[in-house]
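See below for the structure under consideration.
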Amino acid sequence: MLENFNDMLMKAKKNKYSVPQFNINNLEWTKYILEECQEQGIPVILGVSEGAARYMGGYNIVSSMVKAVIKDLNITIPVCLHLDHGSYDACFKAIDAGFSSVMIDASRKELDKNIEITKKIVDYAHPFNVSVEAEIGHIGGAEDGIASEVFYAKVDECEKLYKETSIDALAPALGSVHGPYKGEPKLDFTTMKKINDTLPIPLVLHGGSGIPEAQIKEAISCGISKINVNTDLQIVWAKAVREFLNDKDSVYDPRKIIGSGESAIKDKIKELISIFGTEKAK
Ligand code: 13P
């Protein structure tokens, strides 16, 4: 059974740790992440970008696959299936397909338009018990091959967005970027803390790959309760598969090739959840 992120993130906010959102790309990613989080006994959010949903064939395929993996692998930890950076139309499609959570990303619009769009998604999602994350400011970098600039969130705008929409979590853009960082990340912890002191809902840090441990810990102490990770798992998987193929040039079984990255993904998950303090969820 899937659940929305409210319970898992409110506990994380209260007890100062973060729940990971790991983005999935296929059946193998889903299995590896769920198996490792089950092994560790921690809740997890499976993030699905629009590009990843297209790649896997559609929202119904993703939703059915995740539910089937949970059932057949006897996964008993809390699992949330979350649309990552959804457009207006994609949010409806994901909710209709059985996702338990969506992120509506109208962050490139003017504030009033962002509020109007986000509110429509909240009104549709909440009767289905689906949680909603919104973004304010703009998280830069490149995701699904689309590059964009960073705009920092402002406290009063975050407050207005929250009050007028009743969102369940907020991703305020405060300097993090998707994909690898060029140099040290420059996160605005002062504003992060102010937003956390002002809003009662959990805050989300996007672009969780490649942020130094000390900055992750500081972000958690400033109220970050959900950290999104995509690139880190892709990098360790690709490295392991590349080494495997270089080593064994006669292998052609796709199960062996894809599976050669399994332990690299699982080891990275273990490392990250220990930094995020997620074991406190037990
Ligand atoms: P990274 O790819 O940088 O880990 O960012 C993931 C993310 O924020 C998904 O929304």
Side-chain angles (χ1 to χ4, degrees), residues 5 9 18-26 29-30 32-33 44-56 62 80-87 90-91 94 99 101-108 118 131-153 167-187 192 202-213 215-216 219-220 224-239 261 264-265 267-273 275-276 278:
F5 61 45
L9 293 191
S18 266
V19 175
Q21 171 186 311
F22 293 120
N23 282 41
I24 56 170
N25 296 289
N26 52 24
W29 240 251
T30 309
Y32 304 159
I33 294 166
V44 69
I45 298 166
L46 300 177
V48 181
S49 67
E50 286 191 49
R54 254 193 319 275
Y55 172 79
M56 288 184 264
V62 176
C80 172
L81 177 61
H82 178 76
L83 174 67
D84 189 27
H85 293 282
S87 62
C91 286
F99 277 48
S101 187
V102 292
M103 173 191 191
I104 171 69
D105 182 357
S107 62
R108 279 166 223 234
T118 300
S131 45
V132 180
E133 173 186 336
E135 176 174 330
I136 199 157
H138 190 69
I139 296 150
E143 195 170 50
D144 278 342
I146 301 161
S148 53
E149 270 182 76
V150 183
F151 295 102
Y152 283 72
I167 46 167
D168 303 291
L170 178 67
L174 293 167
S176 62
V177 300
H178 294 122
Y181 285 84
K182 297 188 185 88
E184 277 267 304
K186 290 189 180 54
L187 302 183
M192 201 181 277
L203 302 183
V204 181
L205 179 65
H206 282 246
S209 302
I211 300 181
E213 185 171 335
Q215 290 202 33
I216 292 276
I220 293 171
I224 293 291
S225 312
K226 168 176 180 275
I227 302 180
N228 293 5
V229 175
N230 186 19
T231 307
D232 260 351
L233 298 192
Q234 296 185 341
I235 288 175
V236 294
W237 177 83
K239 183 167 179 283
I265 288 187
D267 288 349
K268 191 70 189 176
I269 290 174
K270 230 180 276 166
E271 179 191 323
L272 289 170
I273 59 183
I275 297 172
F276 297 174
T278 325

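Whatever order the structure lists ligands and atoms in, that order sets their numbers, starting from 1. Here, residue 1 is the first one in the sequence, and each next residue gets the next number. Just so we're clear, the structure is a prediction, and the values are computed from it rather than from any experiment.
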Would you mind running through ligand 1 and noting each atom that sits below 4.0 Å from a heavy atom of Val229?
4 (O)

From Asp84 atom CG to Phe99 atom CZ, the distance as rounded to the nearest 0.5 Å
10.5 Å

Look at the rings of Phe151 and His138 and say which category their plane angle falls in: under 30° parallel, 30 to 60° tilted, over 60° perpendicular.
tilted

Tell me, which protein residue and heavy-atom name are nearest atom 8 (O) of ligand 1, and how many Å apart are they?
Gly207 N, 2.7 Å

Could you check whether any heavy atom of Asp232 sits closer than 4.0 Å to an atom of ligand 1, since that is the contact criterion I want to use?
no

Considering non-hydrogen atoms of the protein only, which is the closest contact for atom 10 (O) of ligand 1, and what is the distance?
Asp84 OD2, 2.8 Å

Taking 4.0 angstrom as the limit and counting only heavy atoms of Val177, give me the atoms of ligand 1 inside it, by number and element.
3 (O)

Closest approach of any protein heavy atom to atom 7 (C) of ligand 1, naming residue and atom
His178 CD2, 3.3 Å

Give me the atom names and distance for the closest heavy-atom approach of Ser209 to Val229.
OG-CG1, 3.7 Å

In terms of atom number and element, which parts of ligand 1 are under 4.0 angstrom from non-hydrogen atoms of His206?
8 (O), 10 (O)

Is there a heavy atom in Leu205 that sits closer than 4.0 Å to ligand 1?
no

Identify, by atom number and element, the atoms of ligand 1 in contact range of His85, meaning under 4.0 Å from any of its heavy atoms.
10 (O)

Starting from atom 3 (O) of ligand 1, which protein heavy atom do you reach first, and at what distance in Å?
Gly179 N, 2.9 Å

To the nearest 0.1 Å, how far is atom 2 (O) of ligand 1 from its closest protein heavy atom, and which atom is that?
Thr231 OG1, 2.5 Å

All heavy atoms of Asp168 vs all of Pro202, minimum pair found to be O-CD, 3.2 Å

In terms of residue, atom name and distance, what is the protein heavy atom nearest to atom 4 (O) of ligand 1?
Ser209 OG, 2.5 Å

Without hydrogens or angle criteria, can the side chains of Glu135 and His206 be said to hold a donor-acceptor pair below 3.5 Å?
no

